[in-house]
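Note sheet for the following structure.
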Amino acid sequence: YHQVAAVVFCVGPMTMFLMAWVMTRQAGASFAAALAYSIISPSAILLPAMTHDLGSVWRLRRLQFLVQYGEGPETLAMALFPLAILFLYLAFRRRSFGMYVLAGVFMGLTVLANAFGGTILAMAAIALLASLEEKRFAATTLATAILAWVWISPFLPPSVLAAMRTNSPTVEGDYRFTASTLLGCVILAAAFAGLWLLLRKVQPHVRFFALFTLLVSGVVTLGYFAHMYVLPQPNRYQNAMDMGICLVIAFAVPRRLPTAVI
């Protein structure tokens, strides 16, 4: 188990790099984002409680998740979901049935690996659809997701989904739906819409990275600073927050970096 978990831990930044490289054709910026994700946790700078838990702002949160908290399944999900998004993106661009099949396969594997990975995948898919602005992609994405669930349903039947929905709001705290939850959802949706309008003229991949980062960071920060729990256990999305921040910083800062044509 330790060997498999260690391999998955190392593969995570690699799949993130591959996703960013293929989507942007910027090898240098993609490598910089993956390297940053490999060695630092930007969210630790923003969240004092996380810094206290880590013991230092320079320690790596995703390593703590794996070694101290035993989150091998979540580490696996974080390594798989960039591939699901990558194949979904390629399916859109190439109109390829084979890419939709691969997207569905990795969607299913991500959800089977960890429920939080499935939620992160859903937020990434929403950000991707919003960045591409083509309505027909929403229907094909939904169909791909449904077929992916049908494929994994013997291992994740409706009864298990219902149990997760029932239990998750009361695990590690009280995250049940309240008026503050609704307010948090409204704030996050308004921020998403505002950022989408603000970035209408930037490159689609920058929009995707920014919108994804807003969603995962909003879940974490609203829970931490305002006790508005848009999703149960918001602290579980800190690794995705780190990934998003690294991508945004690497691609939002103007620079001349090597490019590669895929």
Side-chain angles (χ1 to χ4, degrees), residues 1 4-20 34 37-38 41 43 60-89 102-129 141-142 144-157 160-161 163-165 167-169 171-172 175 208-209 211-220 223 229-247:
Y1 172 79
V4 172
V7 169
V8 169
F9 177 82
C10 296
V11 167
M14 297 169 64
T15 59
M16 170 190 168
F17 165 77
L18 183 62
M19 176 191 72
Y37 179 61
S38 299
S41 294
S43 56
L60 189 60
R61 182 62 164 177
R62 67 188 193 92
L63 180 61
Q64 184 191 35
F65 262 49
L66 177 62
V67 176
Q68 182 175 337
Y69 295 122
E71 288 295 344
E74 184 173 334
T75 303
L76 175 59
M78 289 298 298
L80 290 171
F81 101 86
L83 296 178
I85 292 299
L86 171 59
F87 288 122
L88 191 61
Y89 171 81
L102 287 172
V105 168
F106 280 98
M107 283 180 177
L109 292 175
T110 299
V111 175
L112 284 179
N114 184 260
F116 294 100
T119 309
I120 293 167
L121 173 62
M123 289 190 281
I126 291 171
L128 180 63
L129 291 170
T141 299
L142 180 60
T144 302
I146 292 173
L147 291 173
W149 175 75
V150 171
W151 171 59
I152 65 172
S153 59
F155 306 99
L156 192 66
V160 174
L161 293 174
M164 291 165 58
R165 181 178 179 277
N167 295 332
S168 60
V171 175
E172 298 181 358
Y175 304 108
F208 165 58
F209 297 149
L211 291 172
F212 170 67
T213 303
L214 174 69
L215 287 177
V216 291
S217 299
V219 169
V220 176
Y229 304 117
V230 176
L231 293 172
Q233 304 176 56
N235 61 301
R236 301 293 292 271
Y237 300 94
Q238 291 166 354
N239 285 337
M241 180 178 176
D242 285 337
M243 179 184 287
I245 292 173
C246 290
L247 285 166

Fill in the blank from the handout: A79 and T15 have their tightest heavy-atom pair at O-OG1, 2.9 Å
Practice task
List the atom of Y37, the atom of D242, and the distance in Å for their closest heavy-atom pair.
Solution key: CD1-C, 4.2 Å
Problem - Over all atoms of both residues, closest heavy-atom pair of L215 and M123 - result: CD1-O, 3.5 Å
Practice task
Taking the side chain as every heavy atom from C-beta outward, state whether Y175 and P234 have any atom pair closer than 4.5 Å.
Solution key: yes
Practice task
Provide the closest heavy-atom pair for L129 versus T141 in the form atom of the first, atom of the second, distance.
Solution key: CD2-OG1, 3.6 Å
Problem - Interatomic spacing from CG in N114 to CD in E71 - rounded to 0.5 Å - result: 6.5 Å
Practice task
Determine whether M243 and P82 make a side-chain contact, defined as any pair of heavy atoms from C-beta on separated by less than 4.5 Å.
Solution key: yes
Problem - Pair W149-L161, side-chain contact (heavy atoms from CB on, under 4.5 Å): steps then yes or no - result: CA-CA 11 Å; W149 175 75; L161 293 174; 3.6 Å; yes
Practice task
Enter the distance from Y69:OH to E74:CD here, rounded to the nearest 0.5 Å.
Solution key: 12.0 Å
Practice task
Check Y237 against P232 and note the closest heavy-atom contact, atom names and distance.
Solution key: CE1-O, 3.9 Å
Practice task
Go through the steps to decide whether I152 and M107 satisfy the test side-chain contact (heavy atoms from CB on, under 4.5 Å), and finish with yes or no.
Solution key: CA-CA 10 Å; I152 65 172; M107 283 180 177; over 6 Å; no
Handout entry: I85 vs F212 side-chain heavy atoms within contact, under 4.5 Å
Key = no
Handout entry: Polar side-chain atom of R62 near backbone of F9 as donor-acceptor pair, under 3.5 Å
Key = yes
Exercise for the section: Please examine the side chains of T119 and F81, heavy atoms only from C-beta on, and report whether any two atoms are closer than 4.5 Å. Expected result: no
Problem - Partners passing salt bridge (charged side-chain N to carboxylate O under 4.0 Å, His left out) against R61 (at least two apart in sequence or in another chain) - result: D53
Exercise for the section: Assess whether side-chain contact (heavy atoms from CB on, under 4.5 Å) is satisfied between M16 and C246, documenting all intermediate values. Expected result: CA-CA 10 Å; M16 170 190 168; C246 290; 4.2 Å; yes
Practice task
Assess whether side-chain contact (heavy atoms from CB on, under 4.5 Å) is satisfied between V105 and F87, documenting all intermediate values.
Solution key: CA-CA 10 Å; V105 168; F87 288 122; over 6 Å; no
Problem - Point-to-point distance, once rounded to the nearest 0.5 Å, from CG of L76 to CE of M78 - result: 11.0 Å
Exercise for the section: With rounding to the nearest 0.5 Å, note down the distance linking CZ in F155 to CG in L112. Expected result: 7.0 Å
Exercise for the section: Any chance you could measure T75, atom OG1, to L66, atom CG, to the nearest 0.5 Å? Expected result: 4.5 Å
Completion exercise
Output for pair (T110 OG1, L83 CG), nearest 0.5 Å, gives 7.5 Å
Practice task
Take atom OH of Y1 as the centre, draw a 6.0 Å sphere, and report whether it contains more than 12 heavy atoms from other residues, nucleotides or ligands.
Solution key: yes
Completion exercise
Heavy-atom closest pair (I120 atom, A240 atom, distance to 0.1 Å) is CD1-CB, 3.8 Å
